[in-house]
Amino acid sequence: ILSKHKVDKVLYDMGEFWTDNEGRTTTIFIKDLAIVNAYIPNGNSRLEFKMQYLNALTKFIKKLSENYNVLCVGDYNIAHNEIDLTNPKECSNKSVFLPIERQAFTDLLNAGFTDCFRYLNKDKVDYSWRSYRSRYDTSYNSWKYRIDYIISSNSLQKKLQKCEILNLEYSDHLPVVLEFTN
């Protein structure tokens, strides 16, 4: 996490909610803002672990939102709705689009949070992940997902200005950028 502002405090886990021995969670505090950087596990081989992590993350950011405005950014490894991936039918039984994962994401939003991209871009089709393979295998180009998110506490909704996914070529994940007012 890079910040132009003085950071008041840094956490490298979720305290009572999760002991993080894989380096998946970092939180910085700047005045009344908590920015949580989370890397949600891939569920292909560890679905139960992924679900436990998501449950802990939801509780953690909900607790943070009692005293801070919260931004939770990162690779969620979940395409929340059909608009968020190119092949929903083919992915319905694969981790990234499983009903249990999508419900956990819905539960997180229902706990008082906003998917910033979708809030500001209601029907826009855009993706934050594509396979490296798609660079040289055009038949693989159709597999794209929006799995990288910026989630904000609902208290920040009126301050959200712009959220976009930058189409850059250096990675399989694309940056998601949020602009909001103080």
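The first residue in the sequence is number 1, and the count goes up from there.
- The side-chain tip of Arg24 points at the ring of Tyr39 from less than 6.0 angstrom away and within 45° of straight on.
- Residue pairs meeting the ring pair (Phe, Tyr, Trp, His ring centres under 6.0 Å) criterion with at least one partner in residues 83-111, sequence neighbours excluded, are Tyr76-Phe105, His80-Phe105, Phe105-Tyr149.
- Between Ile40 and Leu57 there is a side-chain heavy-atom pair separated by less than 4.5 Å.
- Pairs passing the salt bridge (charged side-chain N to carboxylate O under 4.0 Å, His left out) check and including a residue from residues 7-17, sequence neighbours excluded, do not occur.
- No close placement of the Trp18 and Phe60 rings is indicated, their centers lying 6.0 Å or farther apart.
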Given Leu71 and Leu178, is the side-chain contact (heavy atoms from CB on, under 4.5 Å) satisfied, shown in steps?
CA-CA 10 Å; Leu71 292 173; Leu178 173 67; 3.9 Å; yes
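- The local environment of NZ in Lys89 is sparse, with at most 12 non-hydrogen atoms from other residues, nucleotides or ligands closer than 6.0 Å.
- Phe29 has its side chain out of reach of Val10: every pair of non-hydrogen atoms, C-beta onward, lies at least 4.5 Å apart.
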Using side-chain contact (heavy atoms from CB on, under 4.5 Å), reason through Ile83 and Val125 one step at a time and then give a plain yes or no.
CA-CA 6 Å; Ile83 193 173; Val125 175; 3.8 Å; yes
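- For Tyr68 and Ser153, the side-chain atoms include no donor-acceptor pair closer than 3.5 Å.
- For the 3.5 Å distance criterion, the side chains of Glu101 and Ser95 qualify, holding a donor opposite an acceptor.
- Remark: Arg102 engages no residue in a salt bridge (Lys or Arg N to Asp or Glu O under 4.0 Å) (not counting sequence neighbours).
- Looking at Arg146, its side chain never comes within 3.5 Å of a backbone N or O of Ile165 through a donor-acceptor pair.
- Remark: side-chain polar atoms of Ser3 are paired, donor with acceptor, to backbone N or O of His5 under 3.5 angstrom.
- Summarising the local packing, CD of Glu48 is surrounded by 12 or fewer heavy atoms from other residues, nucleotides or ligands at distances under 6.0 Å.
- Phe180 is not listed as a side-chain neighbour of Cys163, based on a closest heavy-atom distance of 4.5 Å or more.
- With 3.5 Å as the limit, one finds no donor-acceptor pair spanning the side chains of Asn37 and Thr26.
- Under the 4.5 Å side-chain criterion, counting only non-hydrogen atoms from C-beta, Ile30 is not in contact with Lys6.
- Hydrophobic clustering (side-chain heavy atoms under 4.5 Å, transitive across Ile, Leu, Val, Met, Phe, Trp, Tyr) groups Leu11 together with Met14.
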Between Trp129 and Leu174, is a side-chain contact (heavy atoms from CB on, under 4.5 Å) present by the stated rule, with each step listed?
CA-CA 6 Å; Trp129 181 91; Leu174 301 173; over 6 Å; no
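- Under the 3.5 Å distance criterion, the side-chain polar atoms of Asn55 are left unmatched by any main-chain donor or acceptor of Met51.
- At most 12 non-hydrogen atoms from other residues, nucleotides or ligands lie less than 6.0 angstrom from CD1 of Ile100.
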